[in-house]
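Lettering of chains follows the sequences in order, A, B, ..., and the numbering in each one begins at 1. All values below were derived from every heavy atom in this structure, side-chain atoms included, with hydrogens, water molecules and symmetry-related copies excluded.
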There are 2 protein chains.
Amino acid sequence: MELVYLTMIGHSDAVKSILKSGFLEMRSRQGRRVRDGFASGETPDRPNVAASSLACVGEAGGPSSASGLDAMTAAKLWENPCWLTYRLNYLALRYNVPLYNWVERTYGLSRPEYVVIYSLGLKDGALARDIASSSGFPQNTLSRAIQKLVGLGMIERTADDADRRCNVLRLTKEGRALFEQSLPRFVDFEQMMLEALDEDERKTLSALMAKLVVASTGWPGRIDPEENSQEKSER
Amino acid sequence: MELVYLTMIGHSDAVKSILKSGFLEMRSRQGRRVRDGFASGETPDRPNVAASSLACVGEAGGPSSASGLDAMTAAKLWENPCWLTYRLNYLALRYNVPLYNWVERTYGLSRPEYVVIYSLGLKDGALARDIASSSGFPQNTLSRAIQKLVGLGMIERTADDADRRCNVLRLTKEGRALFEQSLPRFVDFEQMMLEALDEDERKTLSALMAKLVVASTGWPGRIDPEENSQEKSER
DNA sequence: ATTGTATATTTCCAAATGGAACTTGTTTAT
DNA sequence: ATAAACAAGTTCCATTTGGAAATATACAAT
C-alpha cells in the first residue's frame, strides 16, 4: 500500500508499508551513496498528454540533470503526465518509510499497530471502523492489531452499551505515553520537509491540497470494469 | 499499501495499495453512502504544535463540518499537526486504490506487475534495480513480477553483455499495447482530480511539490535509533 | 594475480496480508 | 413482529510479502 501504500498507494504507502523498511538507504552522515526508496503509488507515464499537465513538467528546479536522483526516478518525477500523483506518492514514501521504520525499531510495533495508537491519540474513544476508514487498512488487519495492543496494555476495548456490535477503543496511560513520546518525531520530520518552503508557500500548498481533499468526496472509489467498448481480452 | 498504502497506507499506499480493493466504496452513482478508504502513511496528530503547521489547519474550505468525511478522517485532515503528510497519503490513496483495483480486474496484474509495465513504458531498457529504486518495491518482489511478465510475454529480459549481472528489460509489443491502452485511465483520473484547481493553481501546486521533491534528496532515509537519551524501553 | 568488497538478481521461508465467510447484534420493511 | 438486509468485528486460509541468505558477476586494492 501503501502506498500510500505510496500506496497509499498504499499503500502506500505501501505504501503499504505497504513498503516496509530497508530499501531506502540514504547514508546522509557517512555521505556516500544515496539510494532513493519509493513505493506504493506508481503512475504511468508518457511525454505526450494534455497541455494542462505537461505545463508543469520540468519546471521549478526540475533538475534537468544531476540532482541525486537516478534516471528512472527523475523521469517519473519530471517527464510524467501524471506528475501530481507520482509526486504525491513519492513524497509520502519519503516520509512513511523512515518514520514507520523508526517506530518498528523503537517500539516493535507494525504500521497498522502504530496507526491504531495515533488514531486514538488524535481521537480517543473511536471504533475500529473509524480507524479503518481513515487509514485504509482493512478491518481484519486492524482487528489483529487491536488485539495485540490490548494484550500489550496500550489500549482498552469496551463494548458500547448503546450498540453492542461496537467496541469503543481508548488509549491506556501507557498507550498515550507512547503516542506522546513518538509524536514529535513525526512532527519534526514534517517540519524538516517543509523547510524548503517559506511561510507563504506553506500556506499556499496547504490551501491547494485542501481544495483537492474537499473535492475528493466527488471522486469515484472504483472505476467501471470497462466503460469504453474497446476490444478487451477480459471475459 | 499503501498506500502509500494511504497507503498505503496505503495504503496507500496503501498504501501499498498497501491497501488494495474493496475498502473504498463510494457509490457515486447510486448515490447513497460514502466510505472513504485511506491507508499507508498515517501521521500522528495533536492540536498543539508549532505555529507554522497549524497556520494551515482548518482553512481553505477545511469543512468545519459536514462534507462527506467521517469524523476521524476529518480530524486527521484538518486538525493534524502533520497536515502535509496525511494529506499527501490521503490523496495518493484516493488515486491508487481505484486505479490499481481497475488494473487488477481488467488485466489480472498485481500492483508490482503493473509498475514494471509502466516503468518500462516510461523508460524502456531499464534494470530491475531502477524500477525498485523509483517505485519503492523491494527487488525480490519485482523479481517475481518480472518473471511472471516474461512468462506472459509482456516483457523480455536480456543479459547485458557489458555487465553480466544486469538484465535489461524491455516491453514486448503486447506489453506496450497494454501500457498504451491503460495509460489514459491514469491520466484521465489525474486530470479529474485536478479539475478542482484552475490553471494557475495547478502550476503553483506543481512548483511547490517540485520544490519539496528537489529538497528530498537531503532528507534522511532512516532515523537514528534513539538519538535523544530519554528513557527507552528498548534494549 | 588474488583477496575482499560491492552490486544485480534470485531463492528461501516465516510472517503478514486481505478477501471471504462467519458471528453477533441492529435496523428496515412488510 | 418477523423476516430480510445491514453493520461491526472476528476467524479462516490461500496468497503475497519482504528480510535474509545465496548466487553470480564486477570492481578495487594490495
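- If you measure from atom CG of A:Asp130 to atom C1' of D:dA7, you get 13 Å, rounded to the nearest angstrom.
- Of all nucleotides listed (C:dT9, D:dT17, D:dA8), D:dA8 comes nearest to the side chain of A:Arg129.
- The backbone N or O of B:Leu77 sits nowhere less than 3.5 Å from a side-chain atom of B:Asn80 that would complete a donor-acceptor pair.
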- [ ] Let me see the working for B:Leu142 and B:Ser135 under side chain to side chain contact (heavy atoms under 4.5 Å, CB included), right down to the final yes or no.
- [x] CA-CA 10 Å; B:Leu142 291 172; B:Ser135 74; 4.1 Å; yes
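- Applying a 4.0 Å cut-off to non-hydrogen atoms, the residues of residues 143-154 of chain B that approach DNA chain C are B:Ser143, B:Arg144, B:Gln147, listed by residue number.
- The closest side-chain donor-acceptor pair between A:Glu113 and A:Tyr107, if any, does not fall under 3.5 angstrom.
- Closest approach to the B:Gln139 side chain among D:dA8, C:dT9, C:dT17 is made by C:dT9 (side chain taken as heavy atoms from C-beta onward).
- For B:Ile131 and C:dA8, the CD1 to C1' distance is 13 Å, given to the nearest whole Å.
- Distance CZ (A:Arg222) to P (C:dG19): 11 Å, rounded to an integer number of Å.
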TODO: In sequence, state the C-alpha distance, the side-chain angles, and the governing distance for B:Val214 and A:Leu69, and then conclude on side chain to side chain contact (heavy atoms under 4.5 Å, CB included).
DONE: CA-CA 9 Å; B:Val214 170; A:Leu69 299 169; over 6 Å; no
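- Between the side chain of A:Asn140 and the base of C:dG19, a donor-acceptor pair under 3.5 Å is found.
- Atom OH in B:Tyr100 sits about 18 Å away from atom P in D:dT16, given to the nearest Å.
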- [ ] Go through the steps to decide whether B:Tyr100 and B:Phe186 satisfy the test ring pair (Phe, Tyr, Trp, His ring centres under 6.0 Å), and finish with yes or no.
- [x] CA-CA 9 Å; B:Tyr100 286 103; B:Phe186 287 80; 5.8 Å; yes
Open item on the list: side chain to side chain contact (heavy atoms under 4.5 Å, CB included) for A:Ile223 and B:Phe189? Distances and angles first, verdict last.
Closed with: CA-CA 9 Å; A:Ile223 296 176; B:Phe189 200 97; 4.0 Å; yes
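- In this structure, A:Leu127 places its CG atom 14 Å from C1' of C:dG25, rounding to the nearest Å.
- Within the 4.5 Å cutoff, side-chain heavy atoms of B:Leu88 are placed close to those of A:Met209.
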All N/O donor-acceptor pairs, side-chain side in residues 164-172 of chain B, below 3.5 Å, sequence neighbours left out:
unit_1, atom_1, unit_2, atom_2, d
B:Arg165, NE, B:Asp163, OD1, 3.1
B:Arg165, NE, B:Asp163, OD2, 3.4
B:Arg165, NH2, B:Asp163, OD2, 2.7
B:Thr172, OG1, B:Gly153, O, 2.6
B:Thr172, OG1, B:Met154, O, 2.9
B:Thr172, OG1, B:Glu174, N, 3.4
B:Thr172, OG1, B:Glu174, OE1, 3.2
B:Thr172, OG1, B:Gly175, N, 3.1

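- At a non-hydrogen distance threshold of 4.0 Å, A:Arg157, A:Arg165, A:Cys166, A:Asn167 from residues 157-170 of chain A come into contact with DNA chain D.
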Task: Verdict with supporting geometry, B:Leu91 and A:Leu84, side chain to side chain contact (heavy atoms under 4.5 Å, CB included) - done: CA-CA 10 Å; B:Leu91 292 170; A:Leu84 171 65; over 6 Å; no
